[in-house]
Amino acid sequence: MKTLSKSDFKLARDCPAKLTWRERGYPNTLDDNPYLALLAEGGYMVEQLARLLFPGGVELEYDPRRSRDAWETTLAAISSGDGTWFEATLLAGRQLARVDILKRRGNRFDLYEVKSKSFDGDDLDEGPGGPFRTKRKPYGILTKWRPYLEDVTYQVHVLRRLFPETEVHAHLIVVDKSSTASVEAMPRLFTIRRGRNPGEPDLDVRFTGDPAAIDPGELLGVIAVDADVDELFDEVRAFADAQESRYTDSEMAHQPAPLGLHCAKCEYRVATDEPLNGFRECWGPLAPDGPSVLDLYKFGLTKHDGEKLGDVMIANGRTGLDEVDPARLVKKDGTPTSYSTRQLIQIEHTRRRESWLDPALATAMANVSYPLHFIDFETSALAVPYHQGMRPYQSIGFQWSCHTIRAPGAVPEHREWLNVVDLWPAVEFIDSLRRAIGDDGTVLIWSKYERTILRQQREQLEARGLATPELMQWLEPLSDKDHPDTRLLDQHKLCERHYFHPEMHGKTSIKWVLDAIWQNDPEVRRQFAEWMGGDAYDVAAGLGPYDAMPAVVVGDTALNVADGTGAMRAYQAMLYGDPIDRDRHAEQWAELLRRYCKLDTLAMVLIWEHWRRGTVNGER
């Protein structure tokens with residue numbers, strides 16, 4: 001029997017049409033999303049910690065192919081008397097909910113939903129509404145917490161539907177980011193295994209440490225949310241019932257959803273040649289085949305009579321980038337906004353199919369001080385802190401890469417550092433970076449991320465009494481955005497202000513920029529091959545630079561790291577993965593990390609060199 005699961009309910013709340021595409025098995029961009037997989041690992045760790053708060057709790061088996069059997073197992077457990085159960089299954093009609101922790105005492109149920117999202121425990125004492133509500137009247141539910149509270153409310157609705165005469169109380173168990181860990185290397189207390197055979201769960205996380213050696217309550221907050229559930233209950237019940245009515249035994253009735261700029265990030269916006277394409281079925285004849293308003297730089301900030309101009313255009317059947325009226329992108333007096341200048345450049349140069357290199361870029365590039373140091377950091381932050389004294393989701397810097405250019409056009413020199421031991425790495429992270437970039441030269445970053453990490457590392461050193469005056473004096477120009485003698489230059493801002501290529505599609509992340517110039521500048525591909533190791537790399541124009549890297553075989557799998565999330569997962573596998581695999585494959589994981597981080601800083605150099613050739617040769 002087809003059911004409306006809790007995840008189905010949440011997806012439909014985001015967009016009812018998405019539920020159609022999921023039920024029909026349409027492909028989406030989240031199927032293999034490494035960031036979501038990383039979040040899942042952290043979420044399961046938090047759930048395992050939460051279970052330690054309920055000693056004697058019993059885990060109930062669940063097979064997604066036999067949800068009714070799972071419900072009958074749960075019903076038998078509940079009917080036997082008082083108890084606490086993990087992963088209880090509730091099935092009322094077609095509405096299905098799996099409860100993280102369900103506790104029964106007489107005629108009272110207590111339902112606990114565990115979330116890896118963090119809150120500040122200090123907020124519990126601020127305002128009458130609690131941590132999930134605004135601080136001012138009418139103390140409404142905060143937007144960022146509403147999906148989580150609706151999730152709990154849906155479960156309460158199903159439970160009440162099954163047991164209308166019982167008393168039901170709801171709780172959220174969330175991570176308290178104001179707390180600190182008293183245990184070193186807490187991730188090692190968990191075993192993470194991924195299913196490799198049919199019927200096995202995709203991800204199985206277990207607490208395998210000594211429960212007596214840890215206090216789960218120090219990191220978690222258990223918060224009653226009955227008032228929030230009561231406020232949301234009627235709305236959630238009506239929506240759930242409406243979605244349930246869409247199901248039949250054969251298929252699900254499609255429910256169209258309003259089109260708008262929000263569709264730009266829809267996970268069902270897959271490749272245009274994909275035959276099962278939920279995005280194109282939603283949009284029909286309005287689905288863009290070429291440059292689109294969905295890709296116009298920060299178009300969501302452009303208003304027309306109080307509404308988003310892009311949404312107005314879409315409602316009127318105009319979705320092409322060439323259909324945007326340039327006069328609508330500027331202020332009433334004709335002056336541009338902080339972002340419309342780039343919007344106009346994107347429209348004009350996409351139409352002409354030409355890149356744009358602002359003459360002012362030459363001046364900006366001439367104001368640097370050699371040597372130039374291009375740096376990139378890899379960091380990780382878990383709900384379960386890596387080291388004693390750390391807070392949940394507090395970042396550690398576990399790797400950096402630096403390419404240094406001594407003079408214009410010089411071959412870049414590469415240095416790197418990677419933490420390969422399970423010790424708090426901030427001291428060595430900073431010391432090794434200082435040895436690499438010294439006191440001279442401009443330090444280039446791509447976005448403010450590296451500055452933020454340096455500030456956070458500085459704060460951690462100060463908190464542990466490890467910040468010497470000399471070290472602080474060196475760090476301040478790198479970590480303080482308002483420092484008068486800052487050494488940092490944000491290459492991303494240079495790109496936003498001075499460079500555009502049509503194949504960037506309005507995006508300015510380093511991978512989009514490098515991909516665009518890679519396809520159109522053979523010198524970039526030649527330099528890449530030379531500086532990354534020559535014959536080992538395939539530099540065909542059709543490949544992107546990250547695709548050109550050969551894979552590293554880890555165990556029996558050929559792997560590559562193509563983004564920061566992949567780097568975090570590789571780091572965790574190297575230090576906190578399955579003990580057998582960890583010891584056997586540590587060097588392969590390290591090689592993956594070194595190669596990826598090296599490419600990130602080389603990408604900055606390749607873009608810089610592309611710009612330098614353009615400004616020197618007068619190209620536009």
Practice task
Name all residues meeting the side-chain hydrogen bond (donor to acceptor under 3.5 Å, both in side chains) criterion together with Thr319; count only those two or more places apart in sequence or in a different chain, and write none if there are none.
Solution key: none
Practice task
For residues His403 and Glu413, determine if any side-chain heavy atom of one lies less than 4.5 Å from a side-chain heavy atom of the other.
Solution key: no
Problem - Test item: His505 side-chain N/O and Lys507 main-chain N/O as donor-acceptor pair under 3.5 Å - result: no
Exercise for the section: Look at the side chain of Gln460 and the backbone N and O of Ser395, then say whether any donor-acceptor pair between them is shorter than 3.5 Å. Expected result: yes
Handout entry: Close side-chain approach of Gln491 and Phe374, heavy atoms under 4.5 Å
Key = yes
Exercise for the section: Using a strict 4.0 Å threshold on nitrogen-to-oxygen distance, state whether Lys493 and Glu496 make a salt bridge. Expected result: no
Exercise for the section: Evaluate the ring planes of His610 and Tyr499, with Trp represented by its six-membered ring, and classify them as parallel (under 30°), tilted (30 to 60°) or perpendicular (over 60°). Expected result: perpendicular
Problem - Check ion pair Arg280-Asp273 (N to O, under 4.0 angstrom) - result: no
Handout entry: Expected output: side-chain Gln388 to main-chain Ser182 donor-acceptor under 3.5 Å
Key = yes
Practice task
Please confirm whether the backbone N or O of Ile430 pairs with a side-chain atom of Gln457, one donor and one acceptor, at under 3.5 Å?
Solution key: no
Exercise for the section: May I ask you to decide if Ile347's main-chain N or O and Thr350's side chain share a donor-acceptor pair within less than 3.5 Å? Expected result: no
Problem - Tyr571 (side chain) donor-acceptor with Ser380 (main chain) under 3.5 angstrom - result: no
Handout entry: Any donor-acceptor N/O pair, Thr486 side chain to Pro477 backbone, under 3.5 Å
Key = yes
Practice task
Indicate yes or no: does Arg594 engage Glu378 in a salt bridge with an N to O separation below 4.0 Å.
Solution key: no
Practice task
First locate atom CZ of Phe429, then atom OG1 of Thr379, and finally report the distance between them rounded to the nearest 0.5 Å.
Solution key: 8.0 Å
Problem - Any donor-acceptor pair under 3.5 Å from Thr442 side chain to Ser369 backbone - result: yes
Exercise for the section: Please confirm whether Phe190 and Tyr44 have ring centers closer than 6.0 angstrom. Expected result: no
Practice task
Taking Arg406 for its side chain and Tyr370 for its backbone only, find out whether a donor-acceptor pair lies under 3.5 Å.
Solution key: no
Exercise for the section: Could you tell me whether the side chain of Thr337 reaches within less than 4.5 Å of the side chain of Thr302, counting heavy atoms only? Expected result: no
Handout entry: Charged N-O contact under 4.0 Å between Glu416 and Arg595
Key = no
Problem - Short side-chain to backbone donor-acceptor contact, Gln343 and Leu329, under 3.5 Å - result: no
Exercise for the section: Provide the full list of salt bridge (charged side-chain N to carboxylate O under 4.0 Å, His left out) pairs with a residue in residues 460-484, sequence neighbours left out, each pair given once. Expected result: Arg434-Glu470
